[in-house]
Amino acid sequence: MGAMSASATTTYTAKLTDGPLEGKTLSADFLDSGDPRPTVDIAAPGGKTYVYARTSGQEFESEDSDRPTAVNYRYLTTNFDEA
């Protein structure tokens with residue numbers, strides 16, 4: 001088996017740039033279309049889910065890469081589970 005090419009990459013690093021999880025990173029899966037997710041939801045203790053929205057900031061491994069290796073996300077809101 002050969003090495004996975006950049007176009008076959010299935011995950012990228014979501015970089016959280018502000019809000020309660022500022023400075024944290026996590027692995028995210030690309031959508032079936034190959035695009036980064038428009039939002040990422042992060043479960044937190046106490047029935048909370050932090051929602052972060054994609055920004056235009058992206059990093060690529062090289063100039064000819066078709067998918068980013070990292071994408072910036074800004075804090076959008078916190079959802080609370082109603083138990």
Side-chain angles (χ1 to χ4, degrees):
M1 291 189 165
M4 188 178 282
S5 68
S7 63
T9 301
T10 59
T11 63
Y12 61 94
T13 300
K15 298 170 70 174
L16 310 179
T17 61
D18 64 355
L21 301 177
E22 180 177 358
K24 304 278 187 202
T25 62
L26 57 104
S27 179
D29 295 324
F30 285 100
L31 298 172
D32 290 340
S33 66
D35 295 319
R37 298 187 169 281
T39 60
V40 291
D41 297 354
I42 302 125
K48 296 186 282 189
T49 301
Y50 298 121
V51 181
Y52 278 76
R54 186 176 75 203
T55 69
S56 61
Q58 298 183 9
E59 297 174 19
F60 291 85
E61 188 173 309
S62 64
E63 289 181 22
D64 59 346
S65 295
D66 59 344
R67 289 188 176 182
T69 55
V71 177
N72 292 346
Y73 286 81
R74 294 201 60 153
Y75 175 71
L76 185 63
T77 190
T78 301
N79 294 329
F80 296 90
D81 290 339
E82 295 181 26

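Bear in mind the structure is a predicted one, so any value in this text is a computation, not a measurement.
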- Interatomic distance, Asp29 atom CG to Thr9 atom OG1 [nearest 0.5 angstrom]: 12.0 Å
- Query: Would you find a donor on one side and an acceptor on the other, under 3.5 Å apart, between the side chain of Thr69 and the backbone of Glu59?
  - Reply: yes
- Message: If I take atom CG from residue Asn72 and atom CZ from residue Arg54, how far apart are they, to the nearest 0.5 angstrom?
- Response: 11.5 Å
- Do the side chain of Arg37 and the main chain of Ala28 share a donor and acceptor less than 3.5 angstrom apart? no
- Where do Gly34 and Arg67 come nearest, in terms of heavy atoms and distance? CA-NH2, 3.3 Å
- Item | Spacing of CZ belonging to Arg74 relative to CD belonging to Glu22, to within rounding of 0.5 Å | 9.5 Å
- Nearest heavy-atom pair of Ala53 and Thr39: which atoms, and what distance? CA-CG2, 4.2 Å
- Item | Linked hydrophobic residues, Tyr52 as query - side chain contacts closer than 4.5 Å | Tyr12, Leu16, Leu21, Leu26, Phe30, Val40, Ile42, Tyr50, Val71, Tyr73, Tyr75
- Message: Looking at every non-hydrogen atom in both residues, tell me the closest pair between Leu31 and Pro38 and how far apart they are.
- Response: CD1-CD, 3.9 Å
